[in-house]
Amino acid sequence: MLLDILWIVFLLVLGVQLFYILIIFGRISFFYRNKISSSQNNYEGVTVIVAAHNEKENLRKLIPILCGQDYPNFDVMIINDRSNDGTRALLEEMMSHYPKLRTVTVKYTPNHVTSKKYALTLGIKVAKNDVLLLTDADCLPQSDKWIRLMTAPIRQENKIFALGFSQYSKGKGILNKWIQFETLWTGLQYISFALWKSPFMGVGRNLSYRKSFFMEQKAFKGLWHIECGDDDLFVNQYATGSNTAVVVDPESITISTPKTSWGAYFRQKKRHFHAGKYYKSADKQKIGLYSFSHLLFWTIGFSLLVILGIEQIWEQFAIILGIIIVRSILLTSVFTSARKKLEGKSSMFWTSFFDLMYIAYFWIVGAFGYQSKKVRWK
């Protein structure tokens with residue numbers, strides 16, 4: 001009786017897993033084709049927005065790359081948010097070398113608002129252009145076509161939001177490999193759902209939207225009290241299937257500096273999971289359904305292997321093992337193809353190992369982040 005119940009539940013969650021892997025996530029991997037035209041004739045002005053708190057050395061590397069973009073009509077706005085590391089002097093010096101560079105200084109943050117949202121709002125208010133392209137100080141665009149590609153859906157297709165992908169730089173060790181996997185997995189999720197006309201988040205490291213829309217919504221109204229979420233919660237609140245597009249092109253991505261210790265990484269992810277508690281209920285359900293079926297698939301799958309092995313029912317044992325192997329192959333194929341389209345890279349041999357690791361990560365780190373009462377930006 002127990003064996004029959006386990007089989008039924010296992011097959012049900014297998015169906016859910018295959019639906020997500022092949023139909024939802026498989027869309028970007030197997031069916032999506034880049035529709036951004038290389039022959040653009042609408043060069044509406046763009047303002048690149050970067051909020052920076054004590055990011056002097058990162059800005060020294062970033063600003064020349066931003067100002068060297070291959071786009072005829074843009075400027076760069078650096079928001080100096082209460083920095084005390086010499087950022088202001090650096091910006092004043094660099095403005096004499098880069099005419100496109102502008103800056104605004106935030107001297108304090110009011111008690112009733114959160115720091116990064118306040119800094120972004122001040123910068124966006126004085127932005128010269130209506131099309132905004134946001135990134136972080138430690139993010140480097142991977143080509144001089146970044147502005148052109150990331151803003152194309154807004155300029156060419158009258159979209160409000162354009163969601164881009166941002167990966168972390170490659171390094172040594174299992175932590176870095178895990179960060180590569182988890183970041184790609186997150187990108188695969190929000191880009192896939194956006195392709196299905198159901199966007200639920202974006203990342204501020206590579207995100208474009210219109211200033212006029214931002215001001216119409218009264219900036220971060222309803223989100224001021226939440227320390228995180230200037231990117232994913234803003235998108236979650238206002239992005240729809242008709243006003244949002246994704247940009248899938250290795251030349252459109254940014255690369256960030258990853259955390260180098262597990263403690264720093266978990267603090268960062270705690271903040272990200274904390275934002276998830278404020279997502280719309282429907283969005284939490286569609287993410288949760290995959291994660292719950294994922295947990296049940298592996299838990300029941302291993303349970304069946306143990307029971308069938310003890311009972312020496314080798315034919316059913318082989319079937320379960322075969323199902324697990326086939327699912328792992330399909331998932332690896334989806335990740336490999338998605339990585340090729342997003343990053344221009346394709347090796348994903350560690351997918352199955354990290355797929356198992358993701359269960360503990362999601363349910364343990366996610367629970368801490370979801371239940372935490374306070375997180376901080378900087």
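Heavy atoms only: backbone and side chains are in, while hydrogens, waters and symmetry mates are out.
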Task: Result of checking Arg210, Lys211, Arg155 against Asp130 for salt bridge (charged side-chain N to carboxylate O under 4.0 Å, His left out) - done: Arg210

Open item on the list: If I take atom OG from residue Ser192 and atom CD1 from residue Ile21, how far apart are they, to the nearest 0.5 angstrom?
Closed with: 11.5 Å

TODO: To the nearest 0.5 angstrom, please state how far the OG atom of Ser115 sits from the CZ atom of Arg82.
DONE: 4.5 Å

Open item on the list: For Phe214 together with Phe234, are the ring centres under 6.0 Å from each other?
Closed with: yes

TODO: Only counting residues at least two apart or in another chain, list the ones meeting ring pair (Phe, Tyr, Trp, His ring centres under 6.0 Å) with Tyr290.
DONE: Tyr20, Phe25, Trp185, His294

Open item on the list: Check this for me: does any side-chain nitrogen of one of Lys61 and Glu57 sit under 4.0 Å from a carboxylate oxygen of the other?
Closed with: no

TODO: Taking the six-membered ring for Trp and the single ring otherwise, decide whether the centroids of Phe181 and Phe335 are under 6.0 Å apart.
DONE: yes

Task: Sequence neighbours excluded, every pair satisfying ring pair (Phe, Tyr, Trp, His ring centres under 6.0 Å) that has a member inside residues 128-153 - done: none

- [ ] Determine, for Asp249 against Arg148, whether the closest basic-nitrogen to carboxylate-oxygen distance falls under 4.0 angstrom.
- [x] no

Open item on the list: A side-chain contact here means heavy atoms from C-beta on lying under 4.5 Å apart; do Pro141 and Leu66 qualify?
Closed with: yes

TODO: Sort and list the pairs that fulfil salt bridge (charged side-chain N to carboxylate O under 4.0 Å, His left out) and have at least one residue in residues 286-301, not counting sequence neighbours.
DONE: Asp283-Lys286

TODO: Output the distance between atom CG (Leu140) and atom OG1 (Thr135), rounded to the nearest 0.5 Å.
DONE: 8.5 Å

Open item on the list: Between Thr254 and Ser166 (side chain of the first, backbone of the second, donor and acceptor by atom type, cut-off under 3.5 Å), is there such a pair?
Closed with: no

Open item on the list: Between Arg102 and Asp75, does any NZ, NE, NH1 or NH2 come within less than 4.0 Å of an OD or OE carboxylate oxygen?
Closed with: yes

- [ ] Any chance you could measure Ile319, atom CD1, to Leu304, atom CG, to the nearest 0.5 Å?
- [x] 11.0 Å

